[in-house]
Each structure stands twice: as C-alpha cells, then as structure tokens.
Amino acid sequence: MELAISVITGLMILGALYAIHAKDLLSSVIACGIVGYSLVICFLLLKAPDLAIVQIVVDTITLIIMVAVVLDSSREEKYSKPDTMGYVSAATGIILIFIFLWFFIASIQQLDVLGKSTLRMAGPYIEGAAYKTGSANLVTGVVFDFRGYDTMGEAVVLVTAVLGVLTILRLKGKK
Amino acid sequence: MKGMTLIVKKTTQLIAGMIFMYGIYIIVHGHLTPGGGFAGGVIIAGSLILVTLAYGGDFLKLVKEEAGTTIVESISILMVIMIATAGFLFGIHIFFSNFLPKGVVGQLISAGVLPLYNIFVGTEVAASIFIIFLSLIIFKEESPQ
C-alpha cells in the first residue's frame, strides 16, 4: 500500500509541476485536476471515505468554475519580464525557505516520534465513542460532539466566505 | 444565461434527481455511514449547479433564486447555533451537549441531536456553494461588456 501511495504522490507532483509550466492555461487547469483526483485515491487507500466524498465533489465543482473562467478570459499565459522588485522578492523567498527549514530541523528534534502524541490523543476518542455519542459513524461523533466548536467555526467561516464574495464581487449597488 | 444542447438537457433530466436523492441519503445517514453534513451538502449543491448549467435561465429568475437561497443559508446556520444553545438550556448545562435520548446505536433515529446538526449543516453548505456559483453568473451578466 505504501508503494501505491508513493506512486500516486509522484503522479501528483508531476501534475503540479506541469500545471505551473504549461503554456496553455486550459491544460494547466486539467493538470490541477490530476492533483485533486489523485488525492481522492490516496484518501480511499488510507481508509478515509468521508474526506474522499467531499474531495471528489469539491474538486469537480472547482474544475468547472476554473474552466469557465479560462474559457471566458484568455487561454494564453501573459509573460512579463522580471524587474528589480521581482529579483528582490525571489531572493527574499529563497532566504525565507532556508530559515524556515533550519527552524523546522531544530524543532523536530525536540518533538516525540511521529504519531505517538497523536495516537495518545486519539485513544480516549475511539474507546467507547459509539456508546458516549450514540453515533455509529465515529467521524460524525467526533466532528459534532467532541469537537462541536470546530464544526460551528467551519460553518460560520463558510457563511463569511459567501458574504465576502457577495460584497467584493458586486459591481452595481443594490437598490 | 443560455442553456446547453438537447442531449445535455435530457441527460440532466435523468440523473439530476438521483444525485439530489443521493445527497439527501448521505446527510440523513451521516451518523451511520461515511459522509455527513459537509459531504451531502456539497453533493446537493453539485446537482443544483448541474441543473442551472444545463438549462440556464433568464437574469431575473437567477436573481430571485439567489435571494431565496440566501435566506435558506442564514436560517440553517442560525438553527445550528440555536440547537447548540438549546444544549445550554436543557439537560446538563453545557454548550453543544447532546440533550436528546441517544437510542440504540446503529438505528436511523438515534444519536440524539447529531442528525439534526447534520441536516442543518448540510443545508447550509449546499446553499453556500450554490450562492457562490449563482453570484458568479449574476455579477458577470451585470457587468458592462
């Protein structure tokens, strides 16, 4: 299974690289689809069907919207020559990458072995969760009962995103 | 917004209802099988987007639809918060407490308030994504060419 996931992850990396470098924007959008649908297969292999259902539908809707945008505007990528500010920001980005890598390596040595603290956290959730919440699907039990605040936050974030879209994209005022 | 060809319209007639029913199934059985409010809501939004893309519709109808969907979205997020507050009033006084009887694990009507959360979050997610899609169409038609 690890081999399958490695192969699919490699495919995702290839798709992402092609999406950056493609000349035609429509094929770039389709290459973004490779990343999303490969992620669905990864979720199914890792036994997370809840995430797979959400990911496959959201990816399809996003692809529809992005294809509509590309067909409506231009299919060619506009290329502009980098000026001084471009070089400065590229250099800043590379320096920041190395600083963050250094901090990552320094902090990862202080942590426990990967997965140990996560499993300790998940133990009390899994033990008797069906009895405590009354829900046969453990994920729903955790999402709506143990972690109710998180779910309410997610729903409110979605409402706020809709408000932002309605406010920012509107060109004419409402009478 | 113009609709699509006859073939697309007929195919949409056949499958859009089934997609909608599948979304309702995922939401209602959210506490028994994989899925839940978010997954089912997105599926329902997908079926609505499919019908809108295939059949189109004139500008005023889309604006009316968007106004109605906004009301549905606001009511469902309000209901989620009100059920959470009801846990504060009944039973043990904790925000988000499960105050209804839990029933037998594995039956359709069980798990207390979790199915209610699933239903309202599902409606809210479906309405949100459909509003974003509709507003993209409406604002494009409003804008000067």
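These numbers come from a predicted model, not from an experiment. Every chain is numbered from 1, with letters handed out A, B, ... down the list of sequences. Just the heavy atoms: all of them, side chains too, but no hydrogens, waters or symmetry mates, feed the values below.
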Let me know if [X] has heavy atoms under 4.5 Å from chain B in its side chain, its backbone, both or neither.
X: A:V143; answer: neither
X: A:L51; answer: neither
X: A:I65; answer: side chain
X: A:I61; answer: side chain
X: A:V159; answer: both

Compare every heavy atom of [Y] with every heavy atom of [X], then report the nearest pair and how far apart it is.
X: B:F38; Y: A:T151; value: CE1-CG2, 4.0 Å
X: B:L114; Y: A:G141; value: CD1-CA, 4.1 Å
X: A:A155; Y: B:I77; value: CB-CD1, 3.6 Å
X: B:F139; Y: A:V165; value: CE1-O, 4.1 Å

Contact class of [X] relative to chain A, heavy atoms under 4.5 angstrom:
X: B:V125; answer: both
X: B:L32; answer: both
X: B:I131; answer: side chain
X: B:L50; answer: neither
X: B:V121; answer: side chain
X: B:I26; answer: side chain

Reported [atom1]-to-[atom2] distance for the pair [X] and [Y], which is rounded to 0.5 angstrom:
X: A:I168; Y: B:S135; atom1: CD1; atom2: OG; answer: 11.5 Å
X: A:I64; Y: B:L53; atom1: CD1; atom2: CG; answer: 6.0 Å
X: A:L138; Y: B:H31; atom1: CG; atom2: NE2; answer: 13.5 Å

Does NZ belonging to B:K9 count more than 12 external heavy atoms closer than 6.0 Å? yes
Report, as yes or no, whether the 6.0 Å neighbourhood of atom CG on B:L14 holds more than 12 heavy atoms from other residues, nucleotides or ligands. yes
Could you state whether [X] and [Y] fall into the same hydrophobic cluster, counting links through intermediate Ile, Leu, Val, Met, Phe, Trp or Tyr residues with side-chain heavy atoms under 4.5 angstrom apart?
X: A:L166; Y: B:I71; answer: yes
X: A:I30; Y: A:L39; answer: no
X: B:V72; Y: B:M79; answer: no
X: A:Y149; Y: B:L78; answer: no
X: B:F120; Y: A:V157; answer: no

Check for a donor-acceptor pair, side chain of A:T140 on one end and backbone N or O of B:G30 on the other, with a separation under 3.5 Å. yes
Main-chain N/O of B:T33 paired with A:N137 side-chain donor or acceptor, under 3.5 Å: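 Looks like yes, one N/O pair under 3.5 Å.
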Any idea which of A:V139, A:V57, A:V156, A:T60 has the most non-hydrogen atom pairs under 4.5 angstrom with chain B? A:V57
Counting heavy-atom pairs under 4.5 Å to chain B, which of A:D50, A:V58, A:I56, A:I53 comes out on top?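 The candidate making the most pairs under 4.5 Å is A:D50.
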Are any of the side-chain heavy atoms of B:L136 and A:V69 separated by less than 4.5 Å? no
